[in-house]
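Following: one structure in structure tokens, then a few remarks.
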Amino acid sequence: MPARIIDGAALAATLRTEIAAKVAAAGFTPVLAVVLVGEDPASRVYVRTKDRAAREAGIEARTISLPAETALADLLATIQALNDDPAVDGILVQLPLPRCIDPQAVIEAIDPAKDVDGFHPMNVGYLADGRPKVVPCTPLGVMKLLRAACVETAGARAVVLGRSAIVGRPMSRLLVTADATVTIAHSLTRDLPAECRRADILIAATGKPEMVRADWVKPGATVIDVGINRRPNGRLVGDVAYDECAAVAGAITPVPGGVGPMTVACLLENTLTAALSRRA
Ligand code: NDP
């Protein structure tokens, strides 16, 4: 039997409608500041997408575009000004930054209460401690997808493929908090296919196009594909070979239309949450 498709686009649309209703009821306009340094074309597209989604939800998006040669000190001063601006509820610095800027210094400069990406060490710490406050948008979106698809995490064996600070690590912490038994796999993991085959829930976040093959998937498992990769022919693919894995999995997310739209919706949710908590 082919896998059930977990429709992230539909769930994200529902979430965005709910957020828009909450914003309308809040009686004020939350403000999200997006800082973009340099001309990276993919980053520009992401920022435009976030900007449009924010506006549709009634959130004001302010994009601050800085040249690629911006000095770290100037970038930190921009962030400090946003921290100090009482009108700004959320701050997001679009990654990757130009190579000469240390991203960690920038992330650490953001007020943790306005850190809607959830990358500040304080928010990372709360999550690691099992007391999540601001949770990174992509793993948060994945948890919402699992919940909406009625996938049981308690007691499930989960394998997270990838250990980045943005996806893999926070993902594994959320799954542990949700009572799964979690393995984090990475580029030095031995016998990756065998590790993955043990998973009731397999989360792929490697950035390696269609790396996960059908014989890596336990029959009936839930496969969540975080990857977004563009093939030379322009086709967008995930980190999972979709057609062959869908023939084995019990449920699977497509690319596009899976995790991607949830990331944007969760950014809006984090912004609204930050705005409400600042005013509470
Ligand atoms: P990173 O490059 O930061 O991390 C990739 C991780 O995958 C690393 O931990 C790396 O291991 C591991 N990895 C790479 N190659 C292999 C391999 N051959 N075997 C096993 N593990 C491997 O990527 P991100 O976490 O930022 O992103 C991952 C994917 O998710 C990308 O496709 C990205 O585009 C996508 N993405 C999608 C989002 C969405 O909204 N849907 C949001 C963010 C990212 P090691 O640590 O050992 O190097």
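Both counts, for ligands and for their atoms, begin at 1 and track the order of listing.
Annotation for Y242: hydrophobic cluster partners, listed by chain and number, are I5, V159, L161, L192, L202, M211, V212, W216, V217, V223, V240, V248, I252 (ILVMFWY side-chain heavy atoms under 4.5 Å, direct or chained).
Between D215 and R213 there is no salt bridge, since none of the side-chain N atoms of the basic residue sits less than 4.0 Å from a carboxylate O of the acidic one. With respect to the salt-bridge test (charged N to carboxylate O, under 4.0 angstrom), the residues D85 and R62 qualify.
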Can you produce the list of protein nitrogen or oxygen atoms under 3.5 Å from a nitrogen or oxygen of ligand 1, alongside each distance?
| unit_1 | atom_1 | unit_2 | atom_2 | d |
| --- | --- | --- | --- | --- |
| ligand 1 | 9 (O) | R163 | N | 2.8 |
| ligand 1 | 11 (O) | S187 | N | 3.3 |
| ligand 1 | 21 (N) | S187 | N | 3.2 |
| ligand 1 | 25 (O) | S164 | OG | 2.5 |
| ligand 1 | 32 (O) | I228 | N | 3.2 |
| ligand 1 | 34 (O) | I228 | O | 3.3 |
| ligand 1 | 40 (O) | T263 | OG1 | 2.7 |
| ligand 1 | 41 (N) | V226 | O | 3.2 |
| ligand 1 | 46 (O) | R163 | NE | 2.7 |
| ligand 1 | 47 (O) | R163 | NE | 3.4 |
| ligand 1 | 47 (O) | R163 | NH2 | 2.8 |
| ligand 1 | 47 (O) | S187 | N | 3.2 |
| ligand 1 | 47 (O) | S187 | OG | 2.5 |

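Connection of V264 to F119 is not established within any shared hydrophobic cluster, with ILVMFWY side chains joined at heavy-atom distances below 4.5 Å, either directly or through further cluster members.
Under the 3.5 Å distance criterion, the side-chain polar atoms of D239 are matched with a main-chain donor or acceptor of T206.
Residue-environment remark: CZ (R231) exceeds the threshold of 12 foreign heavy atoms within 6.0 Å.
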